[in-house]
Amino acid sequence: WEEERYPEGIKWKFLEHKGPIFAPPYEPLPENVKFYYDGKVMKLSTKAEEVATFFAKMLDHEYTTKEIFRKNFFKDWRKEMTSEEKSTITNLSKCDFTHMSQYFKAQTEARKQMSKEEKQKIKEENERLLKEYGYCVMDNHKERIANFKIEPPGLFRGRGNHPKMGMLKRRIMPEDIIINCSKDSKIPAPPPGHKWKEVRHDNKVTWLVSWTENIQGSIKYIMLNPSSRIKGEKDWQKYETARRLKKCVDKIRNQYREDWKSKEMKVRQRAVALYFIDKLALRAGNEKEEGETADTVGCCSLRVEHIKLHPELDGQEYVVEFDFLGKDSIRYYNKVPVEKRVFKNLQLFMENKQPEDDLFDRLNTSILNKHLQDLMEGLTAKVFRTYNASITLQQQLKELTNPDDNIPAKILSYNRANRAVAILCNHQRAPPKTFEKAMMNLQSKIDAKKEQLADARRELKSAKADAKVRRDEKSKKSVESKKKAVQRIEEQLMKLEVQATDREENKQIALGTSKLNYLDPRISVAWCKKWGIPIEKIYNKTQREKFAWAIDMAEEDYEF
DNA sequence: CCCAAGACTTGGAACAATCTTC
DNA sequence: GAAGATTGTTCCAAGTCTTGGG
């Protein structure tokens, strides 16, 4: 896909697609499924019923017990009610959705119990839709579209403590949709009886369809799949920028260390923030509108209350204790020894401030990024995350890979290197619900395997003894086969043990995000080539499609 | 310069498909 | 061949950074 270069800002010359798929229309509940208000059956209007089903479907979720969720939901629900409904239904606590909820559970169950043929039919229908709407033509290529289905209406579920949780996410209609395609393409037809909000031909952007969502008022897009030329090329560029940073990172580090001593407060704050971004892989931390989203922060938006200074802690000097909620309300907790100058600066920044005051009051992401732009073209805060993630992977792979290991052990090393990056980037997950049980199962498997091994060894021993006495071909052969059996079981045991270690270490760590977004895939491809590891062991099908450019490009000796 | 809008990347969880085990 | 475990896919929210207009 590296055929022609477009002039600055032009993303394509030809773009043709079929438009989006809309959410299926609401199907009213059967007559026998009842809603109760204050203990009495109540028949709801279609619109009110639809919104009620959104709530009923979430009844088992903790969300529906939360004050804010209930308040937001009830407010938006009432907007959909008829005036009679509005005057009757005045208290959410008197609403009984359990019958509706049971009905949906039964439906889910029924779907699971469907016959093979029925399931096959649904699958075929999905494939047909994918074939028709899932692809577009961009310039000379047929490309997969990422999200060609419009999000269905429902209740908004923010993450963490979101002030808007429970609000009604309205149904998107063709009249909300902006279509983007080229003039000379076949323009997608709106559903019968409808029209698009707008059809435009903007080849300076990559999206095919957009609409404005009603919760935050932000724009949503339909774009291409990661396997597409346009995404792949951008991804490649991202890593090339990070590699350019590698060349000048020492200089930049020296620079910000100098700046810790600056007379100007703004420069000092910038230098300390950059130190954190570099050392701890923190995100930039843009300002957010208060009350519109969950209260989370990144580096530039850290507040005094998010750090504690310890002149000495556990035998270490100048320790900064971080405790804040980052993106997606994931907690960042870390105790980091820092250089004395950084520590002194932090003390200075915190002087005469309230806990809720900004730590870096003279700094924001735009100031920081402008500075970075001067240090290196294309440099922004997030490049440090990419750079540090990728360089860490490369180092860790070098350090951890043992040439004598077999393939499973080498893959464990790979996962450990990946894990080091995930820890750096603070990619956490909730421990899987079945984690403990799965762990125990695996342990009993290991125990069983150990016993099997002991048995096999005993048998080998007696076969050897037997062979010594008999000295015939048959017993010799028996020894050989017993030896092989022992070896095989040893290998199986080792594999299980490796698996157990890997899983235990991975309990609360999410590897996916770093693998997909931060690690230069060429490092992994080169590592696979070097050690003869099949690429499928590292990347599944989707990942191989996304990283096709890297698999194509990288040789064994690739250096990030 | 500031701000809001816009475009695009990054994020964990839910859900679905597939594999393993009994 | 059903149930449970595991892996892959989809979903859509939540960030980053750029752009354009005052």
Side-chain angles (χ1 to χ4, degrees), chain A residues 9 11 58 61 108 111-113 116 119 122-123 126 130 146-152 154 156-160 162 164-165 169 178 180 202 204-207 210 212-213 215-226 230-231 234-235 237-238 277 282-289 292-294 296-301 325-330 364-370 372-373 378-386 389 422 425-430 432-435 437-439 441-442 445 499 503 508-518 539-546:
Chain A
K11 306 288 169 63
M58 296 175 77
H61 204 288
T108 313
R111 223 171 305 132
K112 271 193 216 152
Q113 298 302 324
K116 265 221 169 87
K119 282 185 184 164
I122 292 173
K123 203 174 162 190
N126 285 337
L130 174 66
N147 54 326
F148 53 93
K149 287 183 191 147
I150 300 277
E151 294 168 21
F156 175 79
R157 317 143 81 131
R159 302 204 224 265
H162 198 116
K164 298 194 172 183
M165 64 168 85
K169 219 170 73 163
I178 302 174
N180 192 34
D202 182 355
K204 300 226 177 23
V205 297
T206 67
W207 53 268
S210 77
T212 302
E213 151 272 355
I215 303 290
Q216 320 275 358
S218 64
I219 308 169
K220 299 238 176 176
Y221 303 93
I222 292 182
M223 289 186 189
L224 297 194
N225 197 72
I230 203 147
K231 294 286 183 191
K234 197 85 191 290
D235 207 34
Q237 254 180 48
K238 174 180 80 184
I277 284 171
L282 299 189
R283 296 186 186 83
N286 285 306
E287 299 102 298
K288 313 205 311 178
E289 220 172 325
E292 295 291 299
T293 58
T296 63
V297 296
C299 186
C300 293
S301 50
L325 297 181
K327 182 175 179 183
D328 292 321
S329 294
I330 300 288
N364 60 40
T365 53
S366 126
I367 295 172
L368 178 66
N369 279 334
K370 218 157 275 157
L372 293 177
Q373 190 62 236
L379 186 61
T380 61
K382 88 192 208 11
V383 179
F384 282 88
R385 244 167 110 80
T386 312
C425 293
N426 199 39
H427 291 142
Q428 299 187 37
R429 62 168 181 173
K433 286 189 180 64
T434 54
F435 184 85
K437 206 176 147 219
M439 227 41 223
N441 286 347
L442 194 53
K445 256 189 186 168
Q499 206 185 345
R503 192 179 299 181
Q508 305 204 56
I509 312 287
L511 298 184
T513 298
S514 50
K515 201 172 190 175
L516 237 45
N517 300 301
Y518 289 103
Y539 291 139
N540 66 32
K541 184 168 151 277
T542 314
Q543 295 169 155
R544 291 198 299 276
E545 279 166 11
K546 167 165 177 166

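The chains referred to below are lettered A, B, ... by the order of the sequence lines, with proteins before strands, and numbering in each begins at 1.
- The minimum heavy-atom distance between Ser329(A) and Thr296(A), with the atom names listed, is OG-CG2, 3.6 Å.
- Within the 4.0 angstrom heavy-atom criterion, no nucleotide atom of any strand lies near Thr365(A).
- The residue Gly285(A) sits close only to the backbone: its heavy atoms come under 4.0 Å of sugar-phosphate atoms, none of a base.
- Atom CD1 in Ile367(A) sits roughly 17 Å away from atom C1' in dT16(C) (whole-Å rounding).
- Within the structure, a side-chain polar atom (N or O) of Thr296(A) is placed less than 4.0 Å from OP1 or OP2 of dG15(C).
- Lys231(A) comes within contact range of the sugar-phosphate backbone alone, with a heavy-atom separation under 4.0 Å but no base atom that close.
- If you take NZ of Lys234(A) and P of dT16(C), they are 16 Å apart, rounded to a whole angstrom.
- By the 30° and 60° cut-offs, the orientation of the rings of Tyr221(A) relative to Trp207(A) is tilted.
- If you walk DNA chain B from 5' to 3' and mark each nucleotide with an atom closer than 4.0 Å to a heavy atom of chain A, the marks span dC1(B) to dT21(B).
- Nearest-nucleotide positions on DNA chain C for Gln216(A) and Val383(A) put Gln216(A) closer to the 5' end.
- Rounded to a whole Å, the CG atom of Leu372(A) is 9 Å from the P atom of dC17(C).
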Residues Lys541(A), Glu545(A); criterion salt bridge (Lys or Arg N to Asp or Glu O under 4.0 Å); working and verdict: CA-CA 6 Å; Lys541(A) 184 168 151 277; Glu545(A) 279 166 11; 3.8 Å; yes
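- Residue Arg159(A) is classed as a base contact, given a heavy-atom separation below 4.0 Å to a base.
- Contacts of Lys515(A) with the nucleic acid, taken as non-hydrogen atoms under 4.0 Å apart, are absent.
- With dG15(C), dC17(C), dA14(C) as the candidates, the nucleotide lying closest to the side chain of Lys288(A) is dG15(C).
- Taking both residues in full, the closest heavy atoms of Asn426(A) and Ile330(A) are given as ND2-CG2, 3.9 Å, listed atom of the first, atom of the second, then distance.
- Residue Ala430(A) is in sugar-phosphate contact alone, with no base atom involved, counting any heavy-atom pair closer than 4.0 Å across all strands shown.
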Could you go through Thr293(A) and Gln216(A), starting from their C-alpha distance and side-chain angles, then the distance that decides it, and tell me whether this counts as side chain to side chain contact (heavy atoms under 4.5 Å, CB included)? CA-CA 9 Å; Thr293(A) 58; Gln216(A) 320 275 358; 4.1 Å; yes
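- DNA chain B is contacted by both Cys425(A) and Arg157(A); Cys425(A) maps to the nucleotide lying nearer its 5′ end (nearest heavy atom per residue).
- Gly298(A) comes within 4.0 angstrom of nothing in the nucleic acid, heavy atoms only.
- OP1 or OP2 of dG15(C) has not a single side-chain nitrogen or oxygen of Asn286(A) nearer than 4.0 Å.
- Remark: Thr380(A) is in phosphate contact with dC17(C), judged by side-chain N or O atoms under 4.0 Å from OP1 or OP2.
- Both Lys327(A) and Pro152(A) sit near DNA chain C, but only Pro152(A) has its closest nucleotide nearer the 5' end.
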Show me the protein contacts with nucleotides 6-9 of chain C, counting only N or O atoms at under 3.5 Å.
residue, atom, partner, partner atom, Å
dT6(C), OP1, Arg503(A), NH1, 3.0
dT6(C), OP1, Arg503(A), NH2, 2.9
dT9(C), OP1, Thr542(A), OG1, 3.2
dT9(C), OP2, Thr542(A), OG1, 2.2

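- Tyr221(A) comes within 4.0 angstrom of a nucleotide base, judged by non-hydrogen atoms across all strands.
- For the 3.5 Å distance criterion, the side chains of Thr365(A) and Asn286(A) qualify, holding a donor opposite an acceptor.
- The existence of a salt bridge linking Lys220(A) and Glu151(A) is confirmed by a sub-4.0 Å separation between a basic side-chain nitrogen and an acidic carboxylate oxygen.
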